[in-house]
Undergrad: 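My questions all concern the structure below.
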Protein chains: 2
Amino acid sequence: MANYRVGLETRERILDATRTLLAEDGIEGITLKRITTMADVGVGSFYNLFDSKEAVVFEVVRQALDAVDPHPGSSEGDTLEDLIDAFVTFMTGSSTIARIYLQLAGLGLTDEAIAARVLRSHRRRVQRFSAACRRDDPSLTPDAARERAETIMAALTGLGLTALIDPGFDMRAHADRLVGRGGQPGNIGSPSAPPV
Amino acid sequence: MANYRVGLETRERILDATRTLLAEDGIEGITLKRITTMADVGVGSFYNLFDSKEAVVFEVVRQALDAVDPHPGSSEGDTLEDLIDAFVTFMTGSSTIARIYLQLAGLGLTDEAIAARVLRSHRRRVQRFSAACRRDDPSLTPDAARERAETIMAALTGLGLTALIDPGFDMRAHADRLVGRGGQPGNIGSPSAPPV
DNA sequence: ATCAACTTTGAACGGACGTTCCAATTCCGC
DNA sequence: GCGGAATTGGAACGTCCGTTCAAAGTTGAT
C-alpha cells in the first residue's frame, strides 16, 4: 500500500481531512463518508491505504501527541520559559491540532488505548519539564522538581482548555504569571507574600 | 410524562444508568440499548419519559456541571481554601461525575450546545473564586483577582485531568501547593523565592 | 512498449443505531 | 372496584455506519 507517488499524495489528503474533521467536530462527529468526501477520494481507495477508520484516527492522534513536544529529541537544553512558550504557541497557534490534543485528555479517560498513549506522552513531558525546573533552580531535589513540573503542566493544560473554550482569554499572559514573569504581585503560590 | 410514582422511579433508574455509562465509556460509547438494558426498562418506556437520547444525556450533563459547585447559592462566604478543597473532593471522591465533568471540557470544544453550558458554568465559578481571592487578599484589584481566580481554576482543572489519567497522582497535595500550603518552597509563582 | 504492481471507484452488504407505534398492563383518585 | 390516565415492552422501520469486493484505470521500472 502506498508505494507510488499518487498513493502517498492520497494518503496525505486523507490525513489532512481527518485532522480537520477531528478538530472541528471531535471523534464522535467523524465518519468515513465525511473523510472520503472531504479528501475527494473513493471509499475503496481509503481501504487501500488504511486498515480501518480507527487506524487513520490513531495516526492523527499520534501526530497530535508528538506535536505538543517542541523539537523533540533535541539537545535537551530548554529553559522552563522555553517549554512554556512552546506550549502556549502550540495552543494558541495551531488550534487544529491543539483541539485534538485537548480532546484526547477527556477521551483518554474512557478509551484505554488512548489513555495509554496519553499517559506515555505525559510522562515524557514531565521528564523534560522537571529537568528544566532543576536547571532553573539547581537547589531543587529531583522529587520537588517533578512535583513542580507536574503542577506547571497541569496549569498549562487547564489554561489551554480555558483558552479554547473562552474566546478572548489571554493564555500567554496567564502562562507568564505561572513562573512569576510580568512583575506583578499575586502569583499562584505566593498569595500573601509580604511586600518589600 | 412521569406523573405516577413508578414513572418517577423509572426516570431515576434511567438517569442513574446514563450517568454510569457516561462516566465509564464517554459520550461516544453510549447507546439507547445500553441505557435501557442497564436501567432494566423497555425502549418504549424510555421514550415515554424522555424526548430523545440526547435529552437524557443533557440532563446528566447539567447535573454534572451543577455538582462541581459546592453548596451553590449559599451565603457566599467561602474561603479560597474551601473552594479548592471542595473541588479536590469532588474530583477525587465522586469520580463518576468528575469524569463526566472533565469529558465536557474536551467535548465542549466541538459541540456548541455543550460549549455554551460549560462556558456559562465556568463564568459563574470565576465569580465565586475571584470573590474568595479578594476576601483572601483585600488589596487585590477586581481585575487582578479575576486573573488569579482563572489561573487557579485552570490549574485545578489540569490537576484533575492528571489525577484521573495517572493513577497514584496525589491531587490534594498538588492542589495545596497552589495556594502556598504545605510549607515547602518551590511553589508555582515563586520559582526562585529567596530562602529565609 | 510492456506488463506487473499499484491505485481508484462505487455498488452492495450486514449490522447497529435512534425512534415510532400500539396493545397489554398497571396505577391511583374517585 | 371502576375507569381514565399513565406506564410498559418489544416488534418494526428507515437510516447511516464501516467494510468488502471486483472490475477498470494508472504508474513507472524495465
Side-chain angles (χ1 to χ4, degrees), chain A residues 1-62 100 103 107 110-114, chain B residues 1-62 100 103 107 110-114:
Chain A
M1 344 175 138
N3 288 330
Y4 288 3
R5 185 182 48 82
V6 283
L8 291 170
E9 284 173 0
T10 304
R11 203 185 132 86
E12 218 51 47
R13 255 185 298 138
I14 291 175
L15 284 170
D16 282 347
T18 306
R19 199 162 18 237
T20 303
L21 290 172
L22 220 44
E24 277 177 3
D25 299 322
I27 286 192
E28 57 165 346
I30 218 165
T31 67
L32 205 67
K33 189 164 179 10
R34 296 188 66 194
I35 294 176
T36 52
T37 300
M38 174 171 277
D40 201 27
V41 155
V43 209
S45 302
F46 176 91
Y47 278 96
N48 180 42
L49 296 163
F50 294 93
D51 286 339
S52 63
K53 190 191 81 166
E54 212 189 12
V56 70
V57 170
F58 257 74
E59 175 64 16
V60 170
V61 160
R62 199 187 55 76
I100 297 174
Q103 282 174 39
L107 287 166
T110 55
D111 186 312
E112 268 194 48
I114 294 186
Chain B
M1 336 174 143
N3 287 330
Y4 288 1
R5 185 183 47 83
V6 282
L8 292 171
E9 283 172 2
T10 304
R11 203 185 131 87
E12 217 52 46
R13 254 185 299 138
I14 291 174
L15 284 171
D16 282 347
T18 306
R19 199 163 17 239
T20 302
L21 290 173
L22 221 44
E24 277 177 4
D25 299 320
I27 286 192
E28 58 166 344
I30 216 165
T31 68
L32 204 67
K33 189 163 178 12
R34 297 188 66 193
I35 294 176
T36 53
T37 300
M38 173 171 278
D40 201 28
V41 155
V43 207
S45 303
F46 176 91
Y47 279 95
N48 180 45
L49 295 163
F50 293 93
D51 286 339
S52 63
K53 190 192 82 166
E54 212 189 13
V56 70
V57 170
F58 256 74
E59 175 65 17
V60 170
V61 160
R62 200 187 55 75
I100 297 174
Q103 282 173 40
L107 288 165
T110 55
D111 186 312
E112 269 195 47
I114 293 186

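Residue numbering restarts at 1 for every chain, and letters A, B, ... go by the order of the sequence lines. Side-chain atoms are counted along with the backbone in the values below, which use heavy atoms only and exclude waters and symmetry mates.
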Undergrad: Indicate, with a heavy-atom threshold strictly under 4.0 Å, whether A:N3 touches base, sugar-phosphate, or nothing.
TA: sugar-phosphate
Undergrad: Whole-Å distance between C:dG10 P and A:Y47 OH?
TA: 16 Å
Undergrad: Could you tell me which non-hydrogen atom of A:L8 sits nearest to which non-hydrogen atom of A:A2, and how far apart they are?
TA: CD2-O, 3.7 Å
Undergrad: Tell me the interatomic distance from B:F46, atom CZ, to C:dT19, atom P, rounded to whole angstroms.
TA: 7 Å
Undergrad: Of all the choices, C:dC28, D:dG18, D:dT8, which nucleotide is nearest to the side chain of B:Y4 once you look at every atom?
TA: C:dC28
Undergrad: What nucleotide, of C:dT8, D:dT19, C:dT20, holds the atom closest to the side chain of A:L49?
TA: C:dT8
Undergrad: Any base atoms under 4.0 Å from B:G44, or only sugar-phosphate, or nothing? Heavy atoms, all strands.
TA: base
Undergrad: Round to a whole Å and report the spacing from CG of B:D25 to P of C:dC17.
TA: 12 Å
Undergrad: What heavy-atom pair brings B:D111 and B:A113 nearest, and what distance separates the two atoms?
TA: OD1-N, 2.9 Å
Undergrad: Check the distance between C:dT8's C1' and A:F50's CZ and give it to me in whole angstrom.
TA: 15 Å
Undergrad: Considering only D:dT8, D:dG18, C:dT20, which nucleotide approaches the side chain of B:T10 most closely?
TA: D:dT8
Undergrad: What is the nucleic acid contact for B:V6, judged by heavy atoms within less than 4.0 Å: base, sugar-phosphate only, or nothing?
TA: sugar-phosphate
Undergrad: By nearest atom, which of the nucleotides D:dT7, C:dA5, D:dT19 is closest to the B:N48 side chain?
TA: D:dT7
Undergrad: Between D:dC17 atom P and B:E28 atom CD, what is the distance in whole Å?
TA: 15 Å
Undergrad: Rounded to whole angstroms, how far apart are CD on A:E9 and P on D:dT27?
TA: 10 Å
Undergrad: Show the nearest heavy-atom pair for residues A:K53 and A:I30, with the distance to one decimal.
TA: NZ-O, 3.4 Å
Undergrad: How long is the line joining CG of B:L8 and P of D:dT7, in whole Å?
TA: 7 Å
Undergrad: Just checking B:T31: base, sugar-phosphate only, or nothing, at a heavy-atom cut-off of under 4.0 Å?
TA: sugar-phosphate
Undergrad: To the nearest 0.5 Å, what is the distance between OG1 on A:T18 and CG on A:L21?
TA: 7.0 Å
Undergrad: Taking the nucleotide of DNA chain D with the closest heavy atom to each, which residue, A:K33 or A:S45, is nearer the 5' end?
TA: A:K33
Undergrad: Grab the CD1-C1' distance between B:I35 and D:dG10 for me, whole Å please.
TA: 17 Å
Undergrad: Please tell me which of the listed nucleotides, C:dC28, C:dT19, D:dT19, lies nearest to the side chain of B:R5?
TA: C:dC28
Undergrad: Is a side-chain donor or acceptor of B:Q103 paired with a backbone partner of B:L22 at a separation under 3.5 angstrom?
TA: yes
